[in-house]
Amino acid sequence: MTEQRLADNQFPRLMNKRVLCDYLGVSASIVDNLIKFDGLNVAAFTPSGNGGKMNTLFIKERVLEWELKVGL
């Protein structure tokens with residue numbers, strides 16, 4: 001079954017990994033590989049003062065820039 005992806009404007013400016021997977025239309029393991037080998041980490045940051053939780057967030061605009069740079 002093929003699922004339609006939401007429009008870009010339906011995704012938040014800051015995305016956790018699960019939302020990023022939906023945004024890119026890939027699995028979490030593929031996102032891990034894109035971060036490790038293809039430079040997607042440039043779109044990521046970990047907020048300080050978040051109660052010790054290490055939740056990485058991704059900035060949608062930087063993800064878009066990364067997609068253009070790598071040719072996706």
Side-chain angles (χ1 to χ4, degrees):
M1 174 159 72
T2 303
E3 227 178 281
Q4 286 286 84
R5 182 174 83 77
L6 295 174
D8 281 358
N9 64 358
Q10 297 297 308
F11 286 92
R13 182 172 180 260
L14 298 176
M15 300 178 279
N16 63 22
K17 187 175 175 182
R18 181 187 52 78
V19 175
L20 179 65
C21 291
D22 292 341
Y23 181 72
L24 295 176
V26 298
S27 68
S29 62
I30 290 177
V31 166
D32 289 339
N33 285 331
L34 293 173
I35 291 167
K36 187 173 182 178
F37 300 113
D38 291 319
L40 182 55
N41 57 314
V42 299
F45 76 100
T46 302
S48 61
N50 62 354
K53 296 179 183 175
M54 298 299 288
N55 293 330
T56 298
L57 297 175
F58 297 85
I59 302 168
K60 182 168 61 171
E61 291 83 5
R62 289 189 184 169
V63 173
L64 289 169
E65 291 170 4
W66 171 82
E67 285 180 306
L68 291 172
K69 184 178 178 182
V70 298
L72 293 180

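Worth saying up front: this structure is predicted, and the values here are computed from it rather than measured.
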Practice problem: List in chain and number order the residues that pass side-chain contact (heavy atoms from CB on, under 4.5 Å) with Ser27, two or more places apart in sequence or in another chain; answer none if no residue qualifies. | Solution: Ser29, Ile30

Quiz prompt | Sequence-distant partners of Asp8, side-chain contact (heavy atoms from CB on, under 4.5 Å), two or more places apart | solution = Arg5, Tyr23, Leu64

Self-check item: Closest heavy-atom pair and its distance - Glu67, Leu24
Solution: OE2-CD2, 3.4 Å

Quiz item: With a 4.5 Å heavy-atom cut-off, do Leu20 and Leu40 have their side chains touching?
Solution: yes

Self-check item: Nearest atoms (heavy-atom pairs only) where Pro47 meets Asn55
Solution: CD-O, 3.3 Å

Self-check item: For Val19, side-chain contact (heavy atoms from CB on, under 4.5 Å) partners two or more places apart
Solution: Phe11, Pro12, Met15, Asn16

Quiz item: Would you call Val26 and Val31 a side-chain contact if the rule is heavy atoms closer than 4.5 Å?
Solution: yes

Quiz item: Listed by chain and number, what are the side-chain hydrogen bond (donor to acceptor under 3.5 Å, both in side chains) partners of Lys69, not counting sequence neighbours?
Solution: none

Quiz item: Does Arg18 have any salt bridge (Lys or Arg N to Asp or Glu O under 4.0 Å) partners at least two apart in sequence or in another chain, and if so, which?
Solution: none

Quiz item: If we only count heavy atoms from C-beta on, is the Ile59 to Leu14 side-chain gap below 4.5 Å?
Solution: yes

Self-check item: Heavy-atom check, side chain of Leu57 versus side chain of Phe45, under 4.5 Å
Solution: yes

Exercise. List the atom of Val42, the atom of Arg62, and the distance in Å for their closest heavy-atom pair.
Key: O-CD, 3.5 Å

Quiz prompt | All side-chain contact (heavy atoms from CB on, under 4.5 Å) counterparts of Asp38, not counting sequence neighbours | solution = Leu34, Trp66

